[in-house]
Amino acid sequence: GAVLAWEAILAGHAERCLVATGAAWTGNVDYTQGHSVCIGDGAGATVLGPGERMALVDYAVDTFSAEYGVMSMAWRPGSGAEHPSYATQPEAGVQAFLTTGMDGPPRLVERLLAKHGLACADVSLVAHQASRRLMGHWAERIRPAAYLDTFEEWGNLTLASAPATLSAYWGRIATPWLVVVGVGIGAHQAALLIRV
């Protein structure tokens, strides 16, 4: 949403854009699955427009179409849930998590920073908050100056993690650059480079 708004502003089709997102995942998980213990609900919004502060400079995306469907929302026969819920395919989903999920975002961030001649030590990082294992691996691989998260307070807010975390840390980002990384089932990954 932020990229589409930014491109509309750059093209002269809009002066300001409201970008809003929300996640109500607690109603869409199978509580017999381990990943359900860290999920949360949340929402966030921002207005993008002209200004010097928090300026979106660039972005990078990767899509791994071979992983389409390995993580999905669907009816799960035998789960006891009365609605579609999130799940991963037993083998393919675990493999996708261990490869694309663990190492895809660090590669994406490294590529984006290299394009602009920036070092990881120049950035604060806000990322998807699926688990401490994932976040710890990303912190070790990316090595940002600061890794900002709200995982302990709010859990995995899925696509609302970035705006909620940015709101919590607003005014306290001490680096000149901010990188926001999101992942989605499918598998799609995106990173935004923002000049603080």
Side-chain angles (χ1 to χ4, degrees), residues 1-25 27-28 40-65 67-68 71-73 86 100 104-120 122-130 138 142 144-151 153-196:
V3 169
L4 293 174
W6 179 62
E7 290 179 340
I9 292 166
L10 290 177
H13 294 289
E15 186 175 329
R16 290 178 178 77
C17 296
L18 174 65
V19 180
T21 187
W25 204 25
N28 296 291
D41 295 335
T46 189
V47 175
L48 273 66
E52 292 300 315
R53 188 156 189 267
M54 299 300 277
L56 180 56
V57 173
D58 201 358
Y59 68 96
V61 296
D62 280 330
T63 300
F64 304 91
S65 58
E67 294 178 4
Y68 182 78
M71 299 177 193
S72 63
M73 295 291 293
Y86 170 81
T100 308
R107 283 193 306 263
L108 189 64
V109 170
E110 290 164 4
R111 189 173 80 222
L112 183 60
L113 294 179
K115 180 179 174 184
H116 293 274
L118 298 172
C120 294
D122 297 328
V123 305
S124 291
L125 178 68
V126 171
H128 178 61
Q129 301 179 160
W138 290 351
I142 298 170
Y147 195 143
L148 313 176
D149 78 83
T150 54
F151 187 71
E153 297 87 349
W154 300 328
N156 179 3
L157 302 179
T158 63
L159 59 123
S161 292
T165 301
L166 284 175
S167 176
Y169 284 93
W170 189 258
R172 296 186 290 151
I173 300 171
T175 57
W177 297 93
L178 171 69
V179 172
V180 178
V181 178
V183 299
I185 57 178
H188 177 81
Q189 302 173 352
L192 306 177
L193 178 62
I194 299 168
R195 187 178 61 248
V196 177

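Keep in mind the model is a prediction, meaning the values are calculated, not measured. Just so you know, these numbers use all the heavy atoms, side chains as well, and skip hydrogens, waters and symmetry mates.
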Min side-chain heavy-atom separation Pro163-Thr21 under 4.5 Å: yes
For Asn156, all residues meeting side chain to side chain donor-acceptor pair (under 3.5 Å), sequence neighbours excluded: none
Identify every side-chain donor-acceptor pair in residues 188-196 under 3.5 Å, counting partners at least two apart or on other chains, and give the distances.
residue	atom	partner	partner atom	Å
His188	ND1	Thr63	OG1	3.1
Gln189	NE2	Thr100	O	3.0

To the nearest 0.5 Å, tell me how far Asp149 CG sits from Thr165 OG1. 6.5 Å
What verdict does the side chain to side chain contact (heavy atoms under 4.5 Å, CB included) test give for Val126 and Tyr169, after you've listed the backbone C-alpha separation in whole Å, the side-chain angles of each residue and the deciding distance to 0.1 Å? CA-CA 10 Å; Val126 171; Tyr169 284 93; over 6 Å; no
Quick one: pull up CG in Leu113 and CD1 in Ile142 and give me the separation to the nearest 0.5 Å. 8.5 Å
Considering residues at least two apart in sequence or located in another chain, which fulfil the side chain to side chain donor-acceptor pair (under 3.5 Å) criterion with Tyr59? Glu7
Output yes when Arg107 and Asp62 qualify as a salt bridge under the 4.0 Å nitrogen-oxygen rule, no when they do not. no
Ser167 meets the side chain to side chain donor-acceptor pair (under 3.5 Å) criterion, sequence neighbours left out, with none
Tell me which pairs pass side-chain hydrogen bond (donor to acceptor under 3.5 Å, both in side chains) where either residue lies in residues 41-58, with sequence neighbours left out. Thr26-Asp41, Asp58-Lys115, Asp58-His116
Measure the CG-CG distance between Leu48 and Leu18 for me, rounded to the nearest 0.5 Å. 9.5 Å
Side chain to side chain donor-acceptor pair (under 3.5 Å) with Arg16: which residues, sequence neighbours excluded? none
Indicate yes or no for a side-chain donor-acceptor contact from Ser161 to the backbone of Thr158 under 3.5 Å, with no hydrogens or angles considered. yes
